[in-house]
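Step one of this worksheet: look at the structure below.
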Amino acid sequence: MKLTGAQILWESLVREGVTDVFGYPGGAILPAYDAMLGYPIRHVLVRHEQGATHMADGYARASGKVGVAIATSGPGATNMVTGIATAMMDSSPIVCITGQVGSKLIGSDAFQETDITGITLPITKHNYLVTSAEDVAPAVLEAFAIARSGRPGPVLVDITKDAQQSICEVDWEAARPQLTEALDEALPGDGDVRDAIALINAAARPLILAGHGVMLSGAEREIVALSERGQIPMAVTLLGIGGVAAAHPLNLGMMGMHGEAWVNNAIQEADLLIALGMRFDDRVTGNLKTYAREARKIHVDIDRAELNKNVRVDVAIAKDLRAAVEEWLPHVVAPGARAAWLARIDSLKGDSAVRDIQNLPDDGHLYAAHVINDLWRMTRGDALVVTDVGQHQMWEAQYYKHNRSRSLITSGGLGTMGFALPAAIGAKIACPESEVWVVVGDGGFQMTMPELATVVQEHLDINIAVINNGYLGMVRQWQEFFYDKRYAATPISGPNFAKLADAFGIAAATVTRRAEVNDAVEAARRLKRAALIDFQVEQEDSVYPMVPAGADLHKMIRRPSPIVETAAD
């Protein structure tokens, strides 16, 4: 049977198991949209192409599958760039398919022509310009293989309009990608397994640093087994939250700029760091010159380029994380000295280990940390939470305790404001039975809030918690701490979010006091359709602790008094 390039595109997606795509039509991709009607794939019409990429990203993070976004040429394709970069920084497997002007028009500055493969070269694992129908299937199938293999990431396939319209026969067997995923063991950087085990068993003060790679490799059980067998405490990165249950007694919590103070101090006192599926990001390490100076270091990452990039280590292993830890497990022992190390960490926790903001008196102010903690309590920690970027993101990481893998979806490496709402749409479509909460600031929400229309059009049961403080909160916090409270361009106005939601046909409420939180959240949960709550929180509250950029990891700015006693520092 002969097929058009457009039909081959959809047939390729079906063969890859794709059931949902996120996109926005336009002239150069119109042949593909016309052919789409003949295939059993749900198309979600977004309101902006950036939203399509974030939806595909959220779909991928929630499900572990490859997400798919579609756009036309020119502005449609360039609108996807931020979402592609977000997926690249956070190793999220998405395939972006864009239309392109006819092959004979390329280079002529034709209407809506843009060199999108050139633009996205630095922010994709690979990309393709397809100019003939015969090349559609090989490019699309290989794109999926690349997106999901090794360290996952985004791939872009740009297909000219004439390639979509042309007709050819397809040899599907020949179109299958001829890829091998074996790492080249001849390259330097593969530490000896025996060296790693020797360091682990000899350490008196070891610490596991668990990153996003724990979930990407499916190594959740293996990490816990390593921790329990060796009595080695664990700390998690922001994107590693959920990979280890927050309730596990050996999970100390989040490290880094806004991590727990005892975690950062434990890192600085450790004699061995076992870095698993994390990349020693600057927000995790602080000043590299003083970072864990007493510790030997083991680093396991599937991406060889991450080894010895930011932090020099003693044993560097380029390998799938689960396979690497499985090799270690039979040989790991637990020296009795570890009890002293665990006791030392307990002593580092001090008063902060028993903080319970639920029990602090209500002084009439509504604090974002209270909202997040109440939301955690009322959902019993079982919700799939998608956050935007800023103060609310850090409060969520601190006060919503995640015990399930892939239950927190957030933009880490790129820090993309506007990520949460569209990513939550993708996550809800990937996991329709999950209770999904969007936790978003009033600033980032205004960047992509037109996607509320997508929520309604797709009849999605998504709950939105707007943490509304009238500021670009995290930037304001930096201005407070480091710029003498000169709040340049950080006060931000916004609409009446409840009325806005109502205009879209979404149930809404406004909360200004803590006593109102429970009823509002319960009402939203009972509805079983989209709901928005505008939480008007204390304006000049800050996230504590905080490691200033470039400072020593243990030199944290800490709140001098309980949260309710300091309305604005």
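Being a predicted model, the structure only gives us computed values, none of them experimental.
- Note on residues 75-88: pairs passing side-chain hydrogen bond (donor to acceptor under 3.5 Å, both in side chains), not counting sequence neighbours, are Glu49-Asn79, Thr86-Thr416.
- Looking only at side-chain heavy atoms (C-beta outward), Val385 and His402 come within less than 4.5 Å of each other.
- Between the side chains of Thr448 and Arg47, not a single donor N or O lies within less than 3.5 Å of an accepting N or O.
- Ring planes of Tyr367 and His370: perpendicular class, angle over 60° (limits at 30 and 60°).
- Within the 3.5 Å criterion, the main-chain N or O of Ala247 finds a donor-acceptor partner in the side chain of Asn403.
- Looking at Asn373 and Tyr400, their side chains never come closer than 4.5 Å, going by heavy atoms from C-beta outward.
- Taking the charged nitrogens against the carboxylate oxygens, Asp374 and Arg377 do have a contact shorter than 4.0 Å, which makes a salt bridge.
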Next item on the list: Could you go through the ring-ring contact (aromatic ring centres under 6.0 Å, His included) check for Trp395 and Tyr399 one step at a time?
Entry: CA-CA 6 Å; Trp395 279 313; Tyr399 291 103; 8.1 Å; no

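- We find the OG1-CG distance between Thr454 and Leu421 to be 8.0 Å, quoted to the nearest 0.5 Å.
- For the side-chain hydrogen bond (donor to acceptor under 3.5 Å, both in side chains) condition, the pairs that include at least one residue of residues 33-45, sequence neighbours left out, are Tyr33-His43, Arg42-Glu458.
- The salt bridge (Lys or Arg N to Asp or Glu O under 4.0 Å) test applied to Asp57 returns Arg61, not counting sequence neighbours.
- Between the side chains of Asp534 and Gln536, at least one donor N or O sits under 3.5 Å from an acceptor N or O.
- Residue pairs meeting the side-chain hydrogen bond (donor to acceptor under 3.5 Å, both in side chains) criterion with at least one member in residues 503-512, sequence neighbours excluded, do not occur.
- Remark: Arg380 does not engage Glu435 in a salt bridge, criterion side-chain N to carboxylate O under 4.0 Å.
- Side-chain contact between Thr410 and Leu239 is present, with heavy atoms from C-beta onward closer than 4.5 Å.
- Using a 3.5 Å distance cut-off with no hydrogens or angles, the side chains of Tyr544 and Arg558 do not pair a donor with an acceptor.
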Next item on the list: Dump the intermediate steps for salt bridge (Lys or Arg N to Asp or Glu O under 4.0 Å) on Asp484 and Arg486, then the final yes or no.
Entry: CA-CA 6 Å; Asp484 296 326; Arg486 294 193 300 274; 3.4 Å; yes

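- Among residues two or more places apart in sequence or in another chain, the side chain to side chain contact (heavy atoms under 4.5 Å, CB included) test is passed with Ala509 by none.
- At most 12 heavy atoms of other shown residues, nucleotides or ligands fall within 6.0 angstrom of atom OH in Tyr483.
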Check: What's the verdict on side-chain contact (heavy atoms from CB on, under 4.5 Å) for Leu238 and Met394, showing C-alpha distance, side-chain angles and the deciding distance?
Finding: CA-CA 9 Å; Leu238 174 64; Met394 296 297 103; 3.9 Å; yes

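- Between Ile84 and Leu156, the closest side-chain pair of non-hydrogen atoms falls below 4.5 Å.
- Pairs passing the ring pair (Phe, Tyr, Trp, His ring centres under 6.0 Å) check and including a residue from residues 437-461, sequence neighbours excluded, read Phe445-Phe497.
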Next item on the list: Any chance you could lay out the salt bridge (Lys or Arg N to Asp or Glu O under 4.0 Å) test for Lys401 and Glu396, step after step, and finish with the verdict?
Entry: CA-CA 8 Å; Lys401 305 303 180 183; Glu396 199 285 343; over 6 Å; no

